[in-house]
> 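This is the structure I want to talk about, given as structure tokens.
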Amino acid sequence: MRGVNSMSSKTGNQRPVYEHGVDYDPSSRFSIVSYAQQLEKTTLRKKLGLAPNEKLQRKGKGGFGETVEEVYFGYEPNSIQGPDFPDAGLELKVTPVKRLKDGTLAPKERLVVTMINYMTIVTETFDSSTLESKLRDVLFMFYEYERDKDPLDYFFRLVEEWHVPEEDRSTIRKDWETIAEKVKTGHAHELSSGDTMYLEACTKAADSSKTREQPFSEVPAKPRAFALKQSYMRSVLARGLSAQSIEREGKQEGLDLVSLVKTRFQPFLGKSSEELAALFGIKNTDKGFYSRITRRILGIQGSGTKIAEFEKADINLKSIRLRQNGMPKEAISFPAFRYCDIVDVPWEDSDLYAQLTRPFLFVLFQIEGAESDKEAPTHLKGIRFWSMPSEDLAEAERCYEQTRELVRNGQYDHLPRSTENRCCHVRPHGKDSHDTLPTPQGTQEPKRCFWLNARYIAGQLALMEISK
DNA sequence: GCATGATCATGC
DNA sequence: GCATGATCATGC
């Protein structure tokens, strides 16, 4: 894949400028990304063997990105619409991160993607939009900005190929539509970042008096660009860095995901929850105690951060306390459902179906004392990968369909109980009984969710012991 | 000992 | 302010 000298295979506006052995195939995404990743953990000066007194010639905002294009990828930067690597359909984004006081990396700013053309956006749909094409295949090069450093000495912290994660796509689509709608209704001059979640229409002009025309109003509007919000970029970066560390660990050990996770837990097995809590500086003051221990073992701080390896494999992580007899102390909850949604959503499109068809990782904490002893110690017993057998999925479907029917009929006192369905039941899941959601009948009902029966999980765990 | 209804700390 | 991932409380 690699090794085609781009000097001879460059096309179009890509023109080699430096002669330092630019070595990638501009038609191969893999080749470009691999070549780019050679900059990870290093600087342009080191990688290119530049003299200590050599200075960056490009000035201003975007100057560093242009330097990377010119001296590393060997083509003349351009602002023509179209991808930076046209033959591979890849968009290059060289963007700064900064180190926070606590040592973690965070994006320095929003990521500007492309200018909003008020005249043409009104004829586009999201799927045919300029924005969508710019975000389809991205090569991110996150570098660490340091104020007094020459840019040639900036370290690249994460270089990765990126696509809009599936779970983020609908939000970005909605954001795009919100922005497009304002232009369509002649309100381009009222665009605001607060209207949207991940995407924003940020102002893009050094001179604030500059304006542009919009199609459905005489009022001139500020020029704006589509950008990924800084908060959204924080999650992109966090996911990328987490994946980076996991991949390195996996490569080092030559492990698949399951073995890698087992290896991660190995040193902690048998330890008491107090020991683990002390190890991670966690206090047992809340209901998320065991969840937080689990997340810390997996290398996560705080619950806002997604676990990259689980994100990628879409693993459902559940921490469970087991009684002496092997029965989980509690059932397993899922997010609350919306009464008005589930009546319309068929089983295979449902959130419950999506949840139950993901692989699960159960992290088992054994309660050591008697049932009556609330202060009984616990220890980390082990982990189990599990997926729901299809016959049980059919039983869950029965629970879902029953629930739909009962909600349709407004019979909220008869929702499926754990004694009525082998696998799942429905129970409250809100802040308290006043935490409600609207019903199709126009009334309010306490939030509820589907739960996996404790008894059912006990049976599944027992089966796994036998087959081990 | 379990089922069921009620509730909570956290982090964004 | 709210979703999340759970635990608590009570009675049968």
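Just so it is clear: chains get the letters A, B, ... in the order the sequence lines come, proteins before strands, and each one is counted from 1.
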> What is the distance from NE2 of A:H429 to P of B:dT4, rounded to the nearest Å?
18 Å
> Without decimals, in angstroms, what is the distance between A:I367 CD1 and B:dG1 P?
12 Å
> For A:L361 and C:dA6, what is the distance between atoms CG and C1' respectively, to the nearest whole Å?
16 Å
> Taking 4.0 Å as the cut-off, does a side-chain nitrogen or oxygen of A:R455 come that near to OP1 or OP2 on B:dC2?
no
> A:Y400 pairs by ring pair (Phe, Tyr, Trp, His ring centres under 6.0 Å) with which of A:F334, A:Y353, A:W347?
A:W347
> Counting any heavy atom closer than 4.0 Å, what does A:Y290 reach on the DNA or RNA strands: base, sugar-phosphate only, or nothing?
sugar-phosphate
> Can you find a side chain N or O atom of A:R292 that sits less than 4.0 Å from OP1 or OP2 on C:dT7?
no
> Look at the side chain of A:K447 and decide which nucleotide, out of C:dA3, B:dC2, B:dT4, has an atom nearest to it.
C:dA3
> Nearest whole Å is fine: how far is C:dC8 P from A:E330 CD?
7 Å
> Just report the end-to-end axis angle for the helix from B:dG1-C:dC12 to B:dC12-C:dG1, five pairs per end, to 10 degrees.
20°
> As a test of reading the structure: which of B:dA3, C:dT7, C:dA6 is closest to the side chain of A:S319, going by heavy atoms?
C:dA6
> Using the six-membered ring wherever Trp is involved, compare the ring planes of A:F337 and A:Y339 and label them parallel, tilted or perpendicular (cut-offs 30° and 60°).
perpendicular
> Give the nucleotide from the list C:dA6, B:dA3, C:dT7 with an atom nearest to the side chain of A:R321.
C:dT7
> Just the rounded figure in Å: distance from P of B:dT4 to NE2 of A:H414.
13 Å
> For the base of B:dT10, is there a side-chain donor-acceptor partner from A:K287 under 3.5 Å away?
no
> Taking 4.0 angstrom as the limit, do A:E181 and A:K174 come out as a salt bridge?
no
> For a side chain to side chain donor-acceptor pair (under 3.5 Å) check, start with the C-alpha distance between A:Q441 and A:Y412, then their side-chain angles and the critical distance, and finish with the verdict.
CA-CA 11 Å; A:Q441 291 76 32; A:Y412 298 97; 2.6 Å; yes
> So A:K283, base contact, sugar-phosphate only, or nothing? Heavy-atom distance under 4.0 Å.
nothing
> Filter on salt bridge (Lys or Arg N to Asp or Glu O under 4.0 Å), then keep only pairs touching residues 336-347 of chain A, sequence neighbours left out; what's left?
none
> Whole angstrom is fine here: how far is it from CZ in A:R427 over to C1' in C:dT7?
10 Å
> Please say whether the positively charged group of A:K182, taken as NZ for Lys or CZ for Arg, lies over the ring of A:Y118, i.e. under 6.0 angstrom from the six-membered ring centre and within 45 degrees of the axis.
no
> With nearest nucleotide decided by heavy atoms, which residue, A:A454 or A:W451, maps closer to the 5′ end of DNA chain B?
A:A454
> Expressed in angstrom and rounded to an integer, what is the separation of A:L452 atom CG from B:dA3 atom C1'?
16 Å
> Between B:dC2, C:dC8, B:dT10, which nucleotide gets closest to the side-chain atoms of A:K329?
C:dC8
> To the side chain of A:D286, which of C:dT7, B:dT10, C:dG5 is closest?
B:dT10
> Just call it for A:S333: base, sugar-phosphate, or nothing, with non-hydrogen atoms closer than 4.0 Å on any strand.
base
> C:dG5 phosphate, OP1 or OP2: any side-chain N/O from A:R295 under 4.0 angstrom?
yes
> Using modelled atom types and a 3.5 Å cut-off, is there a donor and acceptor pairing between side-chain atoms of A:R408 and backbone atoms of A:V343?
yes
> Can you check the A:H434 NE2 to B:dA6 P distance for me, whole Å?
10 Å
> By the 4.0 Å heavy-atom rule, please label A:H425 as base, sugar-phosphate, or nothing.
nothing
> I want to verify a distance call: between B:dT10, C:dA6, B:dT4, whose nearest atom is closest to the A:S291 side chain?
C:dA6
> Closer to the 5' end of DNA chain B via nearest nucleotide, is it A:G430 or A:S418?
A:S418
> What I'd like to find out is whether the side chain of A:V97 reaches to under 4.5 Å of the side chain of A:K108, using heavy atoms alone.
no
> At 4.0 Å (heavy atoms only), tell me whether A:N325 reaches a base, stays on the sugar-phosphate, or touches nothing.
sugar-phosphate
> In terms of side-chain heavy atoms of A:S433, which of C:dT7, C:dA6, B:dT7 is nearest?
B:dT7
> Could you point out which residue of A:R110, A:R224, A:Q230 forms a side-chain hydrogen bond (donor to acceptor under 3.5 Å, both in side chains) with A:E200?
A:R110
